[in-house]
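Every value quoted in this text rests on a predicted model; they were computed, and no experiment measured them. Keep in mind that the numbers below use all heavy atoms, side chains included, and drop hydrogens, waters and symmetry copies.
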Amino acid sequence: ETGVTQSPTHLIKTRGQQVTLRCSSQSGHNTVSWYQQALGQGPQFIFQYYREEENGRGNFPPRFSGLQFPNYSSELNVNALELDDSALYLCASSSGVGSPLHFGNGTRLTVT
Amino acid sequence: GENVEQHPSTLSVQEGDSAVIKCTYSDSASNYFPWYKQELGKRPQLIIDIRSNVGEKKDQRIAVTLNKTAKHFSLHITETQPEDSAVYFCAARGGANNLFFGTGTRLTVIP
């Protein structure tokens with residue numbers, strides 16, 4: 001069984017640029033959630049995708065957007081990057097909307 | 001929305017002693033409470049969870065208790081080992097299906 005995989009592992013961007021982060025869900029999982037984890041903090045919910053539709057969104061501005069594909073993999077896009085966007089971005093998949101989340105190793109984004 | 005508070009922020013125990021981490025939540029509709037362990041530079045790993053229809057759950061050296069009336073839940077680790085050293089996060093999930101996390105507890109087990 002393959003776990004949740006994310007790419008890239010690290011990324012450095014400049015303020016104002018755009019970034020795309022990718023996630024492959026665990027085998028058999030149809031729900032993907034994205035979280036932002038700032039240094040020393042708990043993960044903060046960005047949004048969730050279920051069967052290619054957004055199924056809930058946290059308190060993040062519209063420049064954070066996402067996609068889920070027919071194979072349940074997902075992308076997180078962030079436009080107009082700000083310094084405060086520097087964080088670990090975690091993808092988590094589950095076998096259903098109310099099932100336990102299993103996290104990937106995350107993408108460490110640094111905005112300079 | 002849901003607000004999860006977690007205490008203490010740091011905890012040091014001697015190897016073999018017990019460790020207890022406590023969390024409170026604000027939304028009475030929350031019905032699922034997982035605990036995650038995160039080692040430095042690694043992913044959060046689900047170690048135990050409990051649903052609101054259960055008061056206690058145990059898995060070997062780890063147990064979680066839930067008091068719905070008081071809206072608090074706790075993680076208990078017995079016979080701690082150095083490999084238990086990590087940051088532990090509690091979380092709560094309600095009707096919105098997203099998890100709200102606490103701010104984490106850094107546990108250090110001293111050999």
Side-chain angles (χ1 to χ4, degrees), chain A residues 2-7 9-10 21 23-26 29-51 53-60 64 66 68 87-108 110, chain B residues 1-10 21-27 29-54 57 59 64 73 75 86-107:
Chain A
T2 306
V4 180
T5 57
Q6 293 186 241
S7 63
T9 55
H10 296 83
L21 311 181
C23 171
S24 293
S25 60
Q26 185 169 318
H29 287 185
N30 58 15
T31 304
V32 173
S33 302
W34 286 91
Y35 286 78
Q36 180 196 67
Q37 186 177 23
L39 201 60
Q41 300 294 316
Q44 300 289 318
F45 176 70
I46 302 175
F47 42 57
Q48 180 185 82
Y49 279 85
Y50 172 64
R51 294 186 176 180
E53 297 286 332
E54 188 179 288
N55 184 47
R57 187 180 182 91
N59 190 26
F60 281 81
F64 286 77
Q68 187 179 31
L88 179 68
Y89 287 85
L90 293 162
C91 170
S93 72
S94 60
S95 57
V97 169
S99 300
L101 296 183
H102 297 271
F103 285 89
N105 283 327
T107 294
R108 173 75 60 189
T110 303
Chain B
E2 176 65 278
N3 181 45
V4 178
E5 295 190 355
Q6 183 172 348
H7 301 280
S9 57
T10 60
I21 302 170
K22 298 181 179 182
C23 290
T24 61
Y25 62 98
S26 60
D27 188 351
S30 290
N31 56 18
Y32 173 67
F33 307 91
W35 287 87
Y36 285 84
K37 174 184 180 182
Q38 188 174 30
E39 297 177 66
L40 190 62
K42 296 190 176 181
R43 72 182 75 189
Q45 287 190 298
L46 178 67
I47 56 171
I48 196 167
D49 57 10
I50 191 168
R51 298 189 184 274
S52 59
N53 58 347
V54 176
K57 184 176 178 180
D59 182 4
V64 58
F73 55 113
L75 177 71
V87 179
Y88 290 81
F89 290 98
C90 64
R93 184 178 68 203
N97 289 315
N98 51 302
L99 289 179
F100 291 88
F101 283 82
T103 50
T105 296
R106 181 172 300 279
L107 174 65

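No more than 12 heavy atoms of other residues, nucleotides or ligands shown are found within 6.0 angstrom of CZ on R51(A). Other residues, nucleotides and ligands contribute over 12 non-hydrogen atoms within 6.0 Å of the CZ atom of R57(A).
Counting heavy atoms from C-beta outward, L101(A) and L46(B) have side chains that stay 4.5 Å or more apart. When side chains are defined from C-beta on, L88(A) counts as touching Q38(B), because their heavy atoms get closer than 4.5 Å.
F101(B) pairs by the ring-ring contact (aromatic ring centres under 6.0 Å, His included) definition with Y35(A), Y36(B), not counting sequence neighbours.
P44(B) and G104(A) make their closest contact through CD-O, 4.4 Å (heavy atoms, listed as atom of the first residue, atom of the second, distance). Annotation for S99(A) and R93(B): closest pair O-NH1, 3.3 Å, computed over non-hydrogen atoms. Looking at every heavy atom in both residues, R43(B) comes nearest to V4(A) through NH1-O, 3.9 Å.
With rounding to the nearest 0.5 Å, the separation of CG in N98(B) from CD in Q44(A) is 10.5 Å. E2(B) contributes atom CD, which lies 14.0 Å from atom CZ of F45(A) (distance to the nearest 0.5 angstrom).
With a 4.5 Å cut-off on non-hydrogen atoms, Q37(A) touches chain B through its side chain but not through its backbone.
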